[in-house]
Amino acid sequence: MSTQLARLAGTAFLWKAVQLVSVQVVFLIRLLILSRVLSPGDFGLLAIALTAVVFLLAITDFGMVPALVQRTEIDKEHYDVAWTVGLVRALAVTAAVICAAPFIAAIFNEPRATAILRVLAIVPLLEASASIRLADLTKKLHFRSLAFVGVAQALGNTCVAIALAPILGVWALVAGALAGSTTYSIVSYLLAPHRPRLLFNRVALTPLLRFGRWIFITGLIAQLGTVALKAVISRQLGTSALGLYFLAQNIAFLPAQVASEVSGAVAFPLYARLQDNIGKATRAFQTLLIGLSILLVPICGLLIVLAPSVVQHLLDVRWAGA
């Protein structure tokens, strides 16, 4: 790996770390504040809606953005057709969730989730309308701009959810999600300007789909287990138990999520640049894997030890099961 590329990758790692640490700190503050205003049942209802929406997004993910990042030769038609596929996919997911909301709620044995599902179904459409040129920023390892997009989304979500929680209850979480996605879409065009247009071009689409099919397969496998687990918890133990699991999962996975997203987000475009040199790509992968292990093993061990204190001092008695 050249000195220039190594320096570029190092800067990208730094900004991605700044983004994810900032976002996770914002969401952790949001979680701790809202856990004192809302009940485990409220978080359980949100978990049901998010699980359904994320699952449908995963099983319809054709990997357009990773395909754009991976390609060495790319033109405006590729960006337009990828944006079009993303928008059509989001429309399909939104329509499916709205229509199937009662059925999804029945799977989780929680009819109150029906209305929340239908409103939260708008989120994929809002995010799909964002600038497709964000993929270009990833490809060029310009993670400083991407950091601003991510932090803006987190702040929009958090500020609205906290402000409305005493008034709207669980609907404040839904309003926060919508506000965050709207902020994400608006800021994306400010930092990655693009004039989108609908385009269906088989020649431009075929190579993107050829690469993206592997994203689809891995996403499907990963989500099936997650959905099955949460459905069993909700049906057998109730929405409050799912809320406890949802909050505990968010805190427990925090270190691994930050570390893996930092490394994964930067590593993918880095690997794309090294795809013609397997030796260099292998050494880069080994370095990342060893670095992640050294970082995460002690942090996760510390979190295991401190878990009782975290629940006792940062949450209240309603969250004892977390």
Side-chain angles (χ1 to χ4, degrees), residues 1-27 30 57 61 63-87 90 123-160 176-197 208 212 215 257-275 284 288:
M1 185 163 42
S2 67
T3 303
Q4 181 181 2
L5 183 56
R7 188 181 300 112
L8 191 61
T11 303
F13 270 113
L14 175 62
W15 279 107
K16 187 62 180 179
V18 168
Q19 174 193 339
L20 282 174
V21 170
S22 300
V23 167
Q24 294 302 334
V25 167
V26 169
F27 276 131
R30 166 183 174 271
L57 285 173
D61 185 3
M64 292 292 100
V65 172
L68 290 174
V69 174
Q70 185 265 348
R71 281 189 65 81
T72 53
E73 297 181 3
I74 194 167
D75 53 36
K76 190 177 186 303
E77 282 69 27
H78 289 105
Y79 284 106
D80 288 334
V81 76
W83 185 82
T84 302
V85 169
L87 193 64
V123 167
L125 197 55
L126 291 171
E127 296 190 356
S129 63
S131 173
I132 193 63
R133 284 285 179 174
L134 290 177
D136 199 35
L137 295 179
T138 302
K139 187 182 185 72
K140 295 177 180 178
L141 296 174
H142 291 175
F143 279 84
R144 179 178 179 178
S145 298
L146 291 170
F148 284 111
V149 178
V151 173
Q153 180 179 13
L155 288 173
N157 186 326
T158 299
C159 291
V160 170
L178 294 174
S181 297
T182 302
T183 303
Y184 169 81
S185 186
I186 293 172
V187 175
S188 72
Y189 283 99
L190 296 176
L191 298 177
H194 179 63
R195 180 177 294 178
R197 63 178 180 133
L208 299 181
I215 307 294
Q257 183 181 0
V258 171
S260 62
E261 285 192 24
V262 169
S263 61
V266 179
F268 183 69
L270 179 62
Y271 293 150
R273 291 183 176 218
L274 298 174
Q275 60 186 301
L288 286 171

(message) Measuring only between side-chain heavy atoms, which start at C-beta, is Leu134 closer than 4.5 Å to Tyr184?
(response) yes
(message) Between Asp136 and Tyr79, is there a side-chain heavy-atom distance shorter than 4.5 Å?
(response) yes
(message) Let me confirm one number: the OG1-CD1 distance from Thr84 to Ile132, rounded to the nearest 0.5 Å.
(response) 9.0 Å
(message) Just verifying a value: how many Å separate Ser145 OG and Arg133 CZ, rounded to the nearest 0.5 Å?
(response) 14.0 Å
(request) Supply the atom-to-atom distance Leu178 CG to Leu125 CG, rounded to the nearest 0.5 angstrom. (result) 11.0 Å
(message) With rounding to the nearest 0.5 angstrom, report the CH2 to NE2 distance, Trp83 to His194.
(response) 7.5 Å
(message) Could you report the tightest heavy-atom contact between Asp80 and Arg195, atom names first, then the distance?
(response) OD1-O, 4.4 Å
(request) Might you point out which heavy atoms bring Ser188 and Ser131 nearest each other, and give the distance in Å? (result) OG-N, 3.0 Å
(request) For Val123 and Ser181, work out which heavy atoms get closest and say how close. (result) CG1-OG, 3.2 Å
(message) Distance check, rounded to the nearest 0.5 Å: Phe27 atom CZ versus Thr158 atom OG1?
(response) 5.0 Å
(request) Please name the pair of heavy atoms, one in Ala154 and one in Val26, separated by the smallest distance, quoted to 0.1 Å. (result) O-CG1, 3.8 Å
(request) For Leu137 and Ala192, work out which heavy atoms get closest and say how close. (result) CD1-CB, 3.9 Å
(request) Search all heavy atoms of Ser129 against all heavy atoms of Tyr189 and return the closest pair with its distance. (result) O-OH, 2.6 Å
(request) Please determine, by modelled atom types, if Thr183 and Gln153 share a side-chain donor-acceptor pair under 3.5 angstrom. (result) no
(message) Just to verify, what does Val151 make a side-chain contact (heavy atoms from CB on, under 4.5 Å) with, not counting sequence neighbours?
(response) Ser22, Val23, Leu155
